[in-house]
2 protein chains.
Amino acid sequence: MPQRAPMYRVIYDDIVAQIQSGALQPAAQIASENDLAKQYGVSRMTVRQALELLGSDDLVIRKQGSGTFVREHPRRGRRLSRLRSFADELASSGDHLASEVVRAELASAPDEVADALRLDPGDTVNRLTRVRRVDGVAAALQDAWVPYAVAPGLVREPLAEGSLYRTLSERYGVELQWADQSMTAAILEPDEARLLDVAPGGAVLHGLRTTFSRTGNPVEFTYGWTLPEFPLLLRIDAE
Amino acid sequence: MPQRAPMYRVIYDDIVAQIQSGALQPAAQIASENDLAKQYGVSRMTVRQALELLGSDDLVIRKQGSGTFVREHPRRGRRLSRLRSFADELASSGDHLASEVVRAELASAPDEVADALRLDPGDTVNRLTRVRRVDGVAAALQDAWVPYAVAPGLVREPLAEGSLYRTLSERYGVELQWADQSMTAAILEPDEARLLDVAPGGAVLHGLRTTFSRTGNPVEFTYGWTLPEFPLLLRIDAE
DNA sequence: TAGTGGTCTAGACCACGAG
DNA sequence: TCGTGGTCTAGACCACTAT
């Protein structure tokens, strides 16, 4: 059972919903901290928690002396400020997203995978390879490895809403906490090029990601290849 | 004159210094929120602001019921969770960093630069091209454009401590607030390859970055090319 | 000057982890 | 059970922006 959400999360979710529905347009000013505190019957500090989360999430800009405003980001790409599913990352671009599972099997952990997941080489792991498409065009290939003990049976059933993160969370009770990700550039190899349905030899964004649960244990290790047409978008805040 | 730093920032800086000096080793537990509040003579909420900043900065892990612990990240690469200079980004790897200015001139803004900086095409801008080296090996090329009005004379003087950000901040009073960055993969062109002293045709991490001041105006637009040996490192938190 | 966000207090109760 | 971090209150004063 999900427990009662904290108030700052309720306020955060409300405002996100208003932005996504268009009730709050880009550049529109959000109600002041004091007004929101009255509306929700909470203290101003609680409202600030919600607004600071929205700010760190790149959904609003906070300007001392002026107010809090909805941010606009029209560009297509993947936004990675919070841990979320691939679909959520691309959601703001409003395109049609699809995910095709091209491999789902139990496998023996290669050295690199075992190391990342803190297993012994050869231990049994779930391996799930997916091609992500945007408006029918292949955008990324992801090769995910999940310890068998974390999610037995993962490869035998379809993913919840097509999302590995939602499946781990909803069906296996894994609470995801953070991910370490590295991104670099690489030349697309024939194996990956074939799955992405493009020519090999081109440039590709290549990433490694290890996702950790709330208890600090690695629960997923993924290799990713993203085509150059789908850049990674970041917002970086000053200290 | 810099004004008095807020207490949460003082506490944050203290702990960062202790981590960097080794007084707080990786995985070491930090004093509890209540203890820190007593030590600094502030309320617990103020301590929490400092610790949450450290957490979002990837320097510590906070575990409910257990405590706050220093995080370890041994890997080489660029870490981009906060807006900082290139040197700061690589600082944790402990290698020798150098920056070579290969071009410093006034130029007319091309369309893309003018658009990013909200200028008219042809307006005068500072252009500063630098090669970044790690232990003598070329790691990245950066081509930065700064509006003339923001920093007149930027190209006529050496950078403060070799850092464009510090120069803008200390000499021109520009308060940097956030940056929008995109990263994608590309094939290295001959012009950039020559400056990086590597062969063209290889994969390279290609980025665009627009940095904004506290007033919301763009103050810098930079093209970057980073070689694959120096991946971008990210920590992504759950919601 | 009025209103906004930024910082801070001195408490409170709760959820979680470990012994 | 006890100490930790998570959430929350009902105020306060300050810094900044816009009028």
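Lettering follows sequence order; numbering is per chain, from 1.
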Expressed in angstrom and rounded to an integer, what is the separation of [X] atom [atom1] from [N] atom [atom2]?
X: A/Glu52; N: C/dC8; atom1: CD; atom2: C1'; result: 13 Å
X: A/Gln29; N: C/dT4; atom1: CD; atom2: C1'; result: 8 Å
X: A/Gln49; N: C/dG6; atom1: CD; atom2: P; result: 14 Å
X: B/Arg48; N: C/dC14; atom1: CZ; atom2: C1'; result: 12 Å
X: B/Phe69; N: D/dG5; atom1: CZ; atom2: P; result: 8 Å
X: B/Met45; N: D/dA10; atom1: CE; atom2: C1'; result: 12 Å
X: A/Met7; N: C/dA12; atom1: CE; atom2: P; result: 23 Å
X: A/Gln64; N: D/dA18; atom1: CD; atom2: P; result: 12 Å

Counting only side-chain N and O atoms of [X], is one of them less than 4.0 Å from OP1 or OP2 of [N]?
X: B/Thr68; N: D/dG5; value: yes
X: A/Thr46; N: D/dT7; value: no
X: B/Ser32; N: D/dT4; value: yes
X: B/Ser43; N: C/dT9; value: yes

Donor-acceptor contact present, side-chain B/Ser169 to main-chain B/Tyr165, <3.5 Å | no
Are any side-chain N or O atoms of A/Asn126 and backbone N or O atoms of A/Ala151, one a donor and one an acceptor, separated by less than 3.5 Å?
-> yes
Using heavy atoms to find the nearest nucleotide of DNA chain D for A/Tyr8 and A/Lys63 separately, return the residue whose nucleotide is more 5′.
-> A/Tyr8
Check if the side chain of A/Arg44 and the base of C/dG6 share a donor-acceptor pair of N or O atoms closer than 3.5 Å.
-> yes
Flag side-chain contact, heavy atom, 4.5 Å: A/Thr167 against A/Leu154 = yes
What does A/Gly41 touch in the nucleic acid at a heavy-atom separation under 4.0 angstrom: a base, only the sugar-phosphate, or nothing?
-> sugar-phosphate
Would you call the rings of A/Trp178 and A/Phe212 parallel, tilted or perpendicular if under 30° counts as parallel and over 60° as perpendicular?
-> parallel
Shortest non-hydrogen pair, A/Thr222 vs A/Gln142, comes out as CG2-CB, 4.1 Å
